[in-house]
Amino acid sequence: MRSVNTEAQTAPDAQPTGWDFATLEATWGPWWEEHDVFAPVDDGSRERRYVADMFPYPSGDLHMGHAEAFAMGDVVARYWRLRGYDVLHPIGWDSFGLPAENAAIARNAHPAEWTYANIATQAASFKRYGLSLDWSRRLHTSDPEYYRWTQWLFLQLYRRGLAYRKNSPVNWCPKDQTVLANEQVVNGACERCGTPVTKKALNQWYFRITDYADRLLDDMDALAGHWPERVLAMQRNWIGRSTGAHVDFVIEAAGSAPERKVTVFTTRPDTLYGATFFVVAADADLATELVTDEHAQMLTAYREEVKHLSDIERQATDRTKTGVFLGRYAVNPLSGERIPVWAADYVLADYGTGAIMAVPAHDQRDLDFARTFDLPVRAVVDTGDEDPAVTGIATAGDGTLINSGPLDGLAKAEAIARAVELVGEAGTGEATVNYRLRDWLLSRQRFWGAPIPIIHCETCGEVPVPDEALPVRLPDDMRGADLAPQGQSPLASNEAWVRVDCPACGGEARRDTDTMDTFVDSSWYVLRYTSPHDTEAAFDPEAVRRWAPVDQYVGGVEHAILHLLYSRFITKVLHDEGLLDFTEPFTALLNQGQVLNGGRAMSKSLGNGVDLGQQLDRYGVDAIRLTMVFASPPEDDVDWADVSPAGSAKFLARAWRLASDVASPVGADPAAGDRALRAVTHRTVADAAALLDDHKFNVVVARTMELVNATRKAIDAGPGAGDPAVREAAEAVAILLSLVGPYTAEDMWHRLGHDGPVNQAAWPTVDESLLVQQTVTAVVQVAGKVRDRLEVPVDIGEDELRERALAADGVTRSLDGRGVRTVIVRAPKLVNIVPA
RNA sequence: GCCCCAGUAGCCCAAUCGGCAGAGGCGGCGGACUUAAAAUCCGCGCAGUGUGGGUUCGAGUCCCACCUGGGGCACCA
């Protein structure tokens with residue numbers, strides 16, 4: 001059985017000699033704070049870089065996942081500082097949200113109490129964790145000074161027509177008693193609490209993110225190579241652009257119902273002649289509008305039935321198709337054929353036009369429906385497969401058009417183009433594009449969020465709260481049971497808060513009582529970091545120009561769509577508003593993996609949780625950070641059962657001891673030092689830079705370990721502790737180690753005789769001449785197998801190397817009299833002799 | 001079903017352009033020091049790169065097919 005680290009199984013280890021992490025932490029933590037080491041200078045003397053970690057939600061204390069993510073971000077921030085950049089590395093809290101409200105209800109408190117207590121705990125933990133953050137820019141999205149500008153942002157979108165209210169069936173979480181955005185529904189369940197989501201017809205606020213679908217998609221080209229490919233793939237998938245055509249069908253008059261036109265969206269206009277029936281979404285208004293009196297009762301009953309299905313049930317793909325005939329007929333605009341109109345729940349009200357032409361021969365869903373209700377199936381593309389009417393398997397591949405009048409004989413792609421032309425000429429259709437992406441439902445019926453800054457007036461309608469009246473503050477007299485979910489926002493019951501004079505007419509009016517999705521808060525915070533104390537604007541355009549966009553963003557892949565898509569959208573809106581000169585907020589993205597234990601995510605129910613605080617107590621901050629970084633590439637998961645924080649501590653102690661052993665004075669000229677050790681030092685530093693640029697932090701640690709080993713050997717069994725090359729190596733170790741073990745590295749740096757912070761040291765200059773080797777081992781292969789090695793000068797010529805290789809003992813032995821067919825020479829490293 | 005990513009030693013992981021499969025660590029084994037242990041130091045690599053083909057003088061690396069694991073999308077017309 002696989003072992004799992006748990007508190008119960010771990011007996012205290014003895015600490016490695018000399019190195020005492022508790023003392024180092026107590027010494028250097030306060031010293032960094034006192035000397036304000038990590039705030040950017042922002043005076044333009046150095047090139048600026050902006051690195052941000054996805055800010056935390058203040059639920060309890062920091063956990064192992066935070067420890068990993070922030071360790072990664074800090075490597076980048078510290079590396080860039082060493083490379084001479086002026087680095088902005090801020091911290092803040094995503095401090096609105098449901099957990100605070102639920103805690104407040106349980107404890108009869110105000111959500112702010114729980115929230116700010118947790119923030120204080122987390123802030124203390126962040127400081128202990130030794131992160132190189134600029135604390136002066138700290139922000140909390142639940143501060144009125146912040147959410148004032150979130151409300152301002154809402155009004156920008158409102159004024160641009162990008163924020164609107166509509167009545168629509170929306171996702172409703174019965175447990176949390178609030179609506180959810182599409183992005184927050186995972187497999188038909190609430191992303192937060194796992195409760196199956198139901199549909200509810202409500203009037204809700206939306207952001208028109210679909211207007212930006214094309215740009216969100218196309219601008220990803222610029223992110224390729226800098227963002228993880230899978231995140232881009234997920235966003236592409238989510239936006240789901242599909243090209244096709246709108247085609248108008250006339251629905252014939254029937255009884256009292258007049259003739260009317262209904263448009264469908266199809267990606268396969270080539271199959272128009274194969275449409276044998278017509279389907280509208282059962283839950284769309286269109287269904288009730290079309291149904292004849294005779295069939296109305298059937299439809300009502302069917303709609304009732306559909307309404308009671310959960311999303312999970314409705315989406316089961318193996319479910320038998322259901323639907324009702326509406327008593328009407330649609331006319332095919334090309335063939336003139338009359339086809340029956342049905343309502344069914346497999347057609348979605350909010351995708352395309354909520355109506356489709358059904359081509360059962362070439363669409364599996366339509367075929368399933370046709371077979372259930374015994375509707376005709378007519379193949380119009382000869383794909384070479386068997387007849388779908390017989391097999392029950394729709395054919396979607398390429399083929400030759402048949403039974404299709406003017407399209408007969410064309411291939412699929414040609415037929416699509418021709419069909420679009422034909423409907424275009426007839427004035428009954430056109431090419432179009434459709435998206436899976438839906439508008440962003442942002443209103444929430446909960447308390448702990450930024451109130452939507454709209455006032456509802458009977459005379460004037462929707463009136464935006466004037467900018468100077470912002471923020472619309474949350475009342476501070478609501479607590480405990482006042483906040484209990486009740487199907488509408490708790491704010492609605494606070495009459496004193498709701499009643500307000502209309503800003504337009506002065507008459508009696510009421511505030512909008514919904515609050516904003518917390519993803520609105522987090523969609524713009526990286527802009528706020530550039531001027532967090534600005535009281536005149538959401539952000540100072542000058543400051544944004546200096547720092548933004550974020551050069552390196554770090555966070556978990558769980559936000560691959562949600563937060564990242566929303567931030568990209570908001571950035572584009574602010575760009576269109578003329579407030580930003582860039583259109584993407586995050587130039588580069590790094591997704592750190594998860595921290596697992598025993599192959600599974602840590603969880604209470606599995607009992608495999610590892611407490612960060614206890615790990616820090618036991619091994620020290622540096623050892624935990626080092627363990628996180630060294631375990632694997634940043635984007636891979638770390639399994640705590642597979643790693644050894646004790647081993648990390650051992651290495652840190654080993655590195656740290658080097659500093660005390662160095663016997664040459666500060667400034668000793670390394671040129672006089674041992675060349676072999678110097679070559680290792682300079683090679684390591686040069687490689688580390690390339691590896692860091694490539695985010696291979698685990699390899700940087702491995703290379704640092706090598707350098708430590710080489711230095712140890714030089715002290716004990718080489719030129720000795722007094723050699724200046726040993727000092728040079730130890731200083732390089734301190735600098736490299738400062739990326740992941742800041743306390744240990746800082747102490748080393750000072751023991752080595754330096755006064756300033758190690759993170760303000762310069763990245764060591766690499767002496768290229770030390771990287772050049774005099775001789776190199778050339779490998780001699782016979783038929784691809786290594787048969788000999790030769791020490792040769794690096795600049796050996798091809799001919800000479802060939803001769804020496806052919807004369808090599810191993811070659812003669814291996815050839816054993818056989819002749820030579822070809823000799824491939826790659827001077828100076830390799831010769832491959834191909835025998836005859 | 002479609003789309004992405006990954007399979008290297010008992011384990012975590014390295015391996016610029018296709019060029020000696022092993023840098024680093026964990027574990028294991030052996031040794032030095034010790035009355036003993038801890039700590040420290042030294043030494044030892046045990047797999048031929050998921051499978052099968054292909055290209056090449058040469059493949060962990062490139063191509064094709066497949067297997068396994070992880071993730072995303074999925075009644076989206």
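Below, read A as the first sequence line, B as the second, and so on, with proteins coming before strands; counting in each chain starts at 1. Both backbone and side-chain heavy atoms feed into the values below; hydrogens, waters and symmetry mates do not. It should be emphasised that the depicted structure is a prediction, and the values quoted were computed from it without experimental measurement.
- Side chain to side chain, A/Y273 and A/N332 fail the donor-acceptor criterion of an N or O pair below 3.5 Å.
- Between B/C17 and B/A6, the distance separating the two C1' atoms is 24 Å to the nearest Å.
- When each of B/A15, B/C75, B/A77 is scored by its nearest atom to the side-chain atoms of A/D345, the top-ranked nucleotide is B/C75.
- Pairs engaging residues 347-360 of chain A under the side chain to side chain donor-acceptor pair (under 3.5 Å) rule: A/S242-A/Y351, A/D350-A/R438 [sequence neighbours left out].
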Enumerate donor-acceptor pairs with a distance under 3.5 Å from any side-chain N or O in residues 824-836 of chain A to protein atoms, sequence neighbours excluded.
unit_1 : atom_1 : unit_2 : atom_2 : d
A/N832 : OD1    : A/G784 : N      : 3.1

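- Using a 4.0 Å heavy-atom criterion, one finds that A/P228 contacts no nucleic acid atom at all.
- Along RNA chain B, the nucleotide nearest A/M357 and the nucleotide nearest A/K696 are compared for position; the residue whose nucleotide lies closer to the 5' end is A/K696.
- With a cut-off of 3.5 Å on both pairing distances, B/A39 has no Watson-Crick or G-U wobble partner at all.
- A/R230 comes within 4.0 angstrom of sugar-phosphate atoms only, judged by non-hydrogen atoms across all strands, and of no base.
- Using atom P as the reference point in both B/G60 and B/U8, the two lie 14 Å apart (nearest Å).
- A/L564 places its CG atom 15 Å from the P atom of B/G72, with the value rounded to the nearest Å.
- Glycosidic conformation at B/G72 (O4'-C1'-N9-C4 for purines, O4'-C1'-N1-C2 for pyrimidines): anti, more than 90° from 0.
- Taking atom C1' in both B/A32 and B/A38, one finds a spacing of 15 Å when rounded to whole Å.
- With A/D345 as the fixed residue, the side chain to side chain contact (heavy atoms under 4.5 Å, CB included) test singles out one of A/R319, A/K321, A/K307: A/R319.
- Remark: B/G22 base-pairs with B/C13. Criterion, Watson-Crick or G-U wobble with two distances under 3.5 Å.
- A/T822 comes within 4.0 angstrom of nothing in the nucleic acid, heavy atoms only.
- Taking the P atom of each, B/A21 and B/G25 are spaced 22 Å apart, rounded to whole Å.
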Report each atom pair, protein N/O against N/O of nucleotides 23-25 of chain B, whose distance is under 3.5 angstrom.
unit_1 : atom_1 : unit_2 : atom_2 : d
B/A23  : O2'    : A/E706 : OE1    : 2.5
B/A23  : O2'    : A/E706 : OE2    : 2.8

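- Look at B/U56: it lacks any Watson-Crick or wobble partner with both distances under 3.5 angstrom.
- Checking the phosphate oxygens (OP1, OP2) of B/A77, a side-chain nitrogen or oxygen of A/Y351 falls inside 4.0 Å.
- Remark: the A/E706 side chain and the A/T684 side chain contain no N/O donor-acceptor pair separated by less than 3.5 Å.
- Taking a pair to require two hydrogen-bonding distances under 3.5 Å in either a Watson-Crick or a G-U wobble arrangement, B/G69 pairs with B/C5.
- Computed from coordinates, the A/M628 CE to B/C13 P distance equals 14 Å when rounded to whole Å.
- For A/N237, taking side-chain heavy atoms from C-beta onward, the closest of the listed nucleotides B/C73, B/G43, B/C75 is B/C73.
- Partners of A/V638 under the side-chain contact (heavy atoms from CB on, under 4.5 Å) rule, at least two apart in sequence or in another chain, are A/E68, A/A631, A/S632, A/W640, A/V643.
- Here the P atom of nucleotide B/C4 and the CG atom of A/L232 are 13 Å apart, to the nearest Å.
- B/G22 and B/C44 have their P atoms separated by 14 Å, given to the nearest Å.
- Nucleotide B/C13 is shown with an anti base, its glycosidic torsion being more than 90° from 0.
- Here the side chains of A/P388 and A/I393 are not in contact, with every heavy-atom distance at 4.5 Å or above.
- The backbone N or O of A/I209 sits less than 3.5 Å from a side-chain atom of A/D439, completing a donor-acceptor pair.
- Counting to the nearest Å, the C1' atom of B/G72 and the CG atom of A/L565 are 14 Å from each other.
- Between B/G50 and B/U61, the distance separating the two C1' atoms is 16 Å to the nearest Å.
- When the P atom of B/U16 is taken as reference, atom CZ of A/R683 falls 13 Å away, rounded to whole Å.
- Ion pair A/D687/A/R703 flagged as a salt bridge, since at least one NZ, NE, NH1 or NH2 atom sits closer than 4.0 Å to an Asp/Glu carboxylate oxygen.
- Every residue meeting the side-chain contact (heavy atoms from CB on, under 4.5 Å) condition with A/A686, not counting sequence neighbours, appears here in chain and number order: A/V766, A/L771.
- If you measure from atom CG of A/L691 to atom P of B/A14, you get 11 Å, rounded to the nearest angstrom.
- The same atom, C1', is picked in B/U49 and in B/A59; the two are 11 Å apart, to the nearest Å.
- Among the heavy atoms of the strands lying under 4.0 Å from A/V347 is at least one base atom, whether or not backbone atoms are also near.
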Please produce a list of atom pairs where a protein N or O lies less than 3.5 Å from an N or O of nucleotides 17-19 of chain B.
unit_1 : atom_1 : unit_2 : atom_2 : d
B/G19  : O6     : A/R826 : NE     : 3.2
B/G19  : O6     : A/R826 : NH2    : 3.4
B/G19  : N2     : A/Q781 : OE1    : 3.4
B/G19  : N2     : A/N832 : ND2    : 3.4

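- Using a 4.5 Å cut-off on side-chain heavy atoms (C-beta onward), A/T744 and A/L737 make contact.
- The shortest side-chain heavy-atom distance between A/M357 and A/T266 falls under the 4.5 Å cut-off.
- The distance from atom CZ of A/F278 to atom C1' of B/A77 is 12 Å, rounded to the nearest whole Å.
- Rounded to whole angstrom, the span from the CG atom of A/D639 across to the C1' atom of B/G70 amounts to 14 Å.
- Taking a pair to require two hydrogen-bonding distances under 3.5 Å in either a Watson-Crick or a G-U wobble arrangement, B/G28 pairs with B/C44.
- Between the C1' atoms of B/C62 and B/G19, the separation comes to 14 Å (whole Å).
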